[in-house]
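Here is the structure we will look at.
Worth saying up front: this structure is predicted, and the values here are computed from it rather than measured. Here is the naming used below: chain letters follow the sequence lines, and residue numbers restart at 1 for every chain.
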Amino acid sequence: MPELPEVEVLVRRLAPLLKNKTIRRVEIRRERALRPTRPAELKRALTGARFVDLARRAKYLAFTLRPADGGGTFLLLGHLGMTGRMYLLPVNAPLPKHTVVAINLGGENFVFEDTRYFGRFTLDTSTQQGLGPEPLGEEFTVEYFIHALQRSAQAIKVKLLDQALVAGVGNIYACESLFHAGVSPRLPARKLTRAQTERLRRALRQTLAEAIQFGRSFALDWPGTGERDGLFYFGRAVNAPDYEERMSVYGHQGQPCPVCRTPIRRIVQAARSTFYCPRCQRT
DNA sequence: CACCATGTTCCTTG
DNA sequence: CCAAGGAACATGGT
């Protein structure tokens, strides 16, 4: 469930539920997610600690905690990978099959579940160093974007997935943003005109912001104690009839473009699927 | 059995 | 040294 908008919505929903809660016990079922933190180290740091803040950076969840001994704060980072979910469960509810970590907060467990185990739950913050600006932030200016694209011959679609260029864009919203900007996913980054770059920046910001708005207004099947967050809006959702229509091109191979009715095409770039309209995105 | 999947990291090649 | 491409990680759905 993992691109910037989904993480943003999750963070905002989770924050008030975790705030000021004290960790009683930590159960680690998949050590791999902690890399390179050792399980004993994570348990020692978390047990008795208290959640004081939660924020999003790119696709990461950044938990700020106050240690058991009360001095200062420290950071815990979560990443949902491809299939990660985080939510609260009553302590008497069974933990799901692919539970990575379960944190006992007293009456409930804060659960990190991840079917494919690509996600992370760690004290290692080194990955934050290489991240580029937030696409919705002030630092992501037209000038920055133009400058960053000028140095690369890589296809613009592939470039958008580069977290060092702009942090938080994933495969779905990269495809959608290029469509809204009317830019071909195959266009080499350095070939974008100033006008195209401006349109793309605008499309990125608008597409991401709209997805966040949708996620915040969406009637989630998750009051904080349900069994699933039900949060990821792509795919078949719970009770959302207009769900499929949210995407203009992603996953719509062979279906008519919503603007010109030309069949949407699927190509492979950097081993990932790209969906686009060959007519609306000619250059 | 085949192919596909919201992500990141590591290794190889040029 | 760098850029770019591909595989690996692991599980499940269609």
Should the ring pair A:F110 and A:F121 be called parallel, tilted or perpendicular, given that the plane angle runs from 0 to 90° and is split at 30 and 60? tilted

Classify the ring geometry of A:Y250 against A:F275: parallel below 30°, tilted from 30° to 60°, perpendicular beyond 60°. perpendicular

From the set [options], return the single nucleotide nearest to any side-chain atom of [X].
| X | options | value |
| --- | --- | --- |
| A:R120 | B:dT9, C:dA4, C:dT11 | B:dT9 |
| A:T115 | B:dG7, C:dG12, C:dA4 | C:dG12 |
| A:N171 | C:dT11, B:dG7, B:dA5 | B:dG7 |

Short side-chain N/O contact to [N] OP1/OP2 from [X], under 4.0 Å:
| X | N | value |
| --- | --- | --- |
| A:H79 | B:dG7 | no |
| A:T83 | B:dT6 | no |
| A:T127 | B:dT9 | no |
| A:H98 | C:dA10 | no |
| A:K59 | B:dT6 | no |
| A:Q154 | C:dG5 | yes |

Does any nucleotide pair with B:dT6 by Watson-Crick or G-U wobble geometry, both distances under 3.5 Å, and what is it? none

Tell me which nucleotide, if any, is Watson-Crick or G-U wobble paired with C:dA10 when both distances must be under 3.5 Å. none

What's the [atom1]-[atom2] distance between [X] and [N], to the nearest Å?
| X | N | atom1 | atom2 | answer |
| --- | --- | --- | --- | --- |
| A:Y117 | B:dT6 | OH | C1' | 18 Å |
| A:R190 | C:dA4 | CZ | P | 8 Å |
| A:Q128 | B:dT9 | CD | P | 10 Å |
| A:Q253 | B:dC4 | CD | P | 9 Å |
| A:R32 | B:dC10 | CZ | C1' | 12 Å |
| A:L131 | B:dT9 | CG | C1' | 14 Å |
| A:R85 | B:dG7 | CZ | P | 14 Å |
| A:K97 | C:dA10 | NZ | C1' | 12 Å |

Taking NZ, NE, NH1 and NH2 as the nitrogens, is one of them in A:R30 or A:E113 under 4.0 Å from a carboxylate oxygen of the other? no

Taking atom types as modelled and ignoring hydrogens, do the side chains of A:Q269 and A:T274 form a donor-acceptor contact shorter than 3.5 angstrom? yes

Do A:R186 and A:Y276 get their side chains close enough for a donor-acceptor pair, meaning under 3.5 Å? yes

Measuring only the [atom1] atom in each nucleotide, how far is [N] from [M]? A whole number of Å is fine.
| N | M | atom1 | value |
| --- | --- | --- | --- |
| C:dA10 | B:dC11 | P | 15 Å |
| C:dG13 | B:dT8 | P | 23 Å |
| C:dC9 | B:dC1 | C1' | 22 Å |

Would you mind classifying the nucleic acid contact of A:R266 as base, sugar-phosphate or nothing, using non-hydrogen atoms under 4.0 angstrom? sugar-phosphate

Is A:R30 touching bases, backbone alone, or none of the nucleic acid, heavy atoms closer than 4.0 Å? sugar-phosphate

B:dA5 base / A:R116 side chain donor-acceptor hit below 3.5 Å: yes

Per the salt bridge (charged side-chain N to carboxylate O under 4.0 Å, His left out) rule, what does the pair list look like for residues 53-66 of chain A, sequence neighbours excluded? A:E8-A:R56, A:R56-A:E134, A:R57-A:E134

Return the stacking result for B:dG7 and A:F118: yes when the ring centres lie under 5.5 Å apart and the planes under 30°, no otherwise. yes

